[in-house]
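Structure, as structure tokens:
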Amino acid sequence: GENVEQHPSTLSVQEGDSAVIKCTYSDSASNYFPWYKQELGKGPQLIIDIRSNVGEKKDQRIAVTLNKTAKHFSLHITETQPEDSAVYFCATDGSSNTGKLIFGQGTTLQVKP
Amino acid sequence: ETGVTQTPRHLVMGMTNKKSLKCEQHLGHNAMYWYKQSAKKPLELMFVYSLEERVENNSVPSRFSPECPNSSHLFLHLHTLQPEDSALYLCASSQEVGSGNTIYFGEGSWLTVV
């Protein structure tokens with residue numbers, strides 16, 4: 001079945017620096033790649049997503065890149081702020097036709113003021 | 001505040017108890033999901049419902065029994081659970097089932113089995 005590997009598991013940056021989180025997947029049929037942010041005590045919230053017909057997508061300080069040939073996608077956060085501190089999850093749909101998402105293990109991002 | 005509401009937020013139950021988790025979505029969606037989030041493990045899909053019909057059961061033990069009486073409500077009935085079932089149970093919804101539909105999560109129900 002589909003497998004999603006996410007790195008690093010923890011990431012600490014200074015406020016204002018950039019943060020990059022990377023994921024690789026195994027199922028070449030994957031077409032949808034969302035990223036979720038989970039703050040303490042809350043459920044995951046979608047922050048950005050990308051589909052397989054697009055190589056890059058940007059929304060203000062957040063961008064996602066996709067390399068389908070290499071089967072990896074990355075989340076880039078620029079000008080990080082303390083409120084960006086959270087756990088970030090990548091996910092993909094694999095071969096599912098039911099909307100099932102397969103998640104990475106998560107990255108705990110700490111932004112130091 | 002999310003459009004997906006879960007109750008209770010916290011639940012402690014014994015291994016012989018029967019309890020239920022409740023989820024309600026206010027987004028007009030047709031698909032609902034249960035996910036399990038354990039420490040040090042990725043989020044795992046448990047069940048998928050489309051218009052009250054179960055379309056996926058991800059090899060979940062029968063001690064977890066879902067119920068979807070209508071497209072806005074989803075329950076997870078729990079009985080004879082084990083301590084290793086302690087986790088955060090997340091309900092979610094999307095407009096439809098199928099790839100590319102944005103999935104919206106609730107805040108989760110923290111379950112502790114003693």
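Within every chain, numbering begins at 1; the chains are lettered A, B, ... in the order of the sequence lines, protein sequences first and strands thereafter.
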Original post:
Are any side-chain N or O atoms of A/Gln105 and backbone N or O atoms of B/Pro42, one a donor and one an acceptor, separated by less than 3.5 Å?
Top reply: no

**OP:** Kindly work out whether a path of hydrophobic side-chain contacts (I/L/V/M/F/W/Y, heavy atoms less than 4.5 Å apart) joins A/Val13 to A/Val87.
**Re:** no

Subject >> side chain to side chain contact (heavy atoms under 4.5 Å, CB included) partner of A/Lys100, chosen from B/Val97, B/Leu45, B/Ile103 >> reply: B/Leu45

Original post:
What part of B/Gln37 is in contact with chain A, defined as an atom under 4.5 angstrom from a non-hydrogen atom: side chain, backbone, both or neither?
Top reply: side chain

**OP:** Identify which part of A/Pro34 has an atom lying under 4.5 Å from any heavy atom of chain B, answering side chain, backbone, both or neither.
**Re:** neither

Original post:
Among the clusters formed by ILVMFWY side chains lying less than 4.5 Å apart, do B/Tyr89 and A/Phe103 turn up in the same one?
Top reply: no

Original post:
Where does B/Val48 contact chain A at under 4.5 Å (heavy atoms): side chain, backbone, both or neither?
Top reply: side chain

Subject >> Part of B/Leu90 lying under 4.5 Å from any heavy atom of chain A >> reply: side chain

Subject >> Side chain, backbone, both or neither of B/Thr102 within contact of chain A (heavy atoms, under 4.5 Å) >> reply: both

Original post:
Would a distance-only check, ignoring hydrogens and angles, find a side-chain to backbone donor-acceptor pair under 3.5 Å from B/Tyr104 to A/Leu46?
Top reply: no

**OP:** Look at atom NZ of B/Lys22 and say whether more than 12 heavy atoms of other residues, nucleotides or ligands are closer to it than 6.0 Å.
**Re:** no

**OP:** Could you tell me which portion of B/Leu43 (side chain, backbone, both or neither) has an atom closer than 4.5 angstrom to a non-hydrogen atom of chain A?
**Re:** both

Subject >> A/Ile102, part contacting chain B, at a heavy-atom distance under 4.5 Å >> reply: neither

Original post:
Would a hydrophobic clustering, with Ile, Leu, Val, Met, Phe, Trp and Tyr connected at side-chain separations under 4.5 Å, put A/Tyr25 with A/Phe89?
Top reply: no

Original post:
Under 6.0 Å from the CD atom of B/Glu53, do we count more than 12 heavy atoms belonging to anything else shown?
Top reply: no

Original post:
Do you know which of B/Cys91, B/Ser50, B/Gly108, B/Gly98 has the most heavy-atom pairs under 4.5 Å to chain A?
Top reply: B/Gly98

Original post:
Measuring heavy-atom distances to chain B, does A/Gln6 have an atom under 4.5 Å in its side chain, in its backbone, in both, or in neither?
Top reply: neither

**OP:** Could you tell me which portion of A/Phe33 (side chain, backbone, both or neither) has an atom closer than 4.5 angstrom to a non-hydrogen atom of chain B?
**Re:** neither

**OP:** Let me see the working for B/Tyr35 and A/Leu101 under side-chain contact (heavy atoms from CB on, under 4.5 Å), right down to the final yes or no.
**Re:** CA-CA 10 Å; B/Tyr35 276 82; A/Leu101 290 177; 3.6 Å; yes

Original post:
Within a strict 4.5 Å, meaning less than it, do heavy atoms of the B/Asn101 and A/Tyr32 side chains meet?
Top reply: no

Original post:
If two hydrophobic side chains count as joined below 4.5 Å and joins carry through other members, does B/Phe75 share a cluster with B/Phe47?
Top reply: no

Original post:
Within a reach of under 6.0 Å around CD of A/Gln81, are more than 12 heavy atoms found that belong to other residues, nucleotides or ligands?
Top reply: yes

Subject >> Within one Ile-Leu-Val-Met-Phe-Trp-Tyr cluster: B/Met32 and B/Trp34, side-chain cutoff 4.5 Å >> reply: yes

Original post:
Is A/Gln60 atom CD crowded by more than 12 heavy atoms from other residues, nucleotides or ligands, each under 6.0 Å away?
Top reply: no

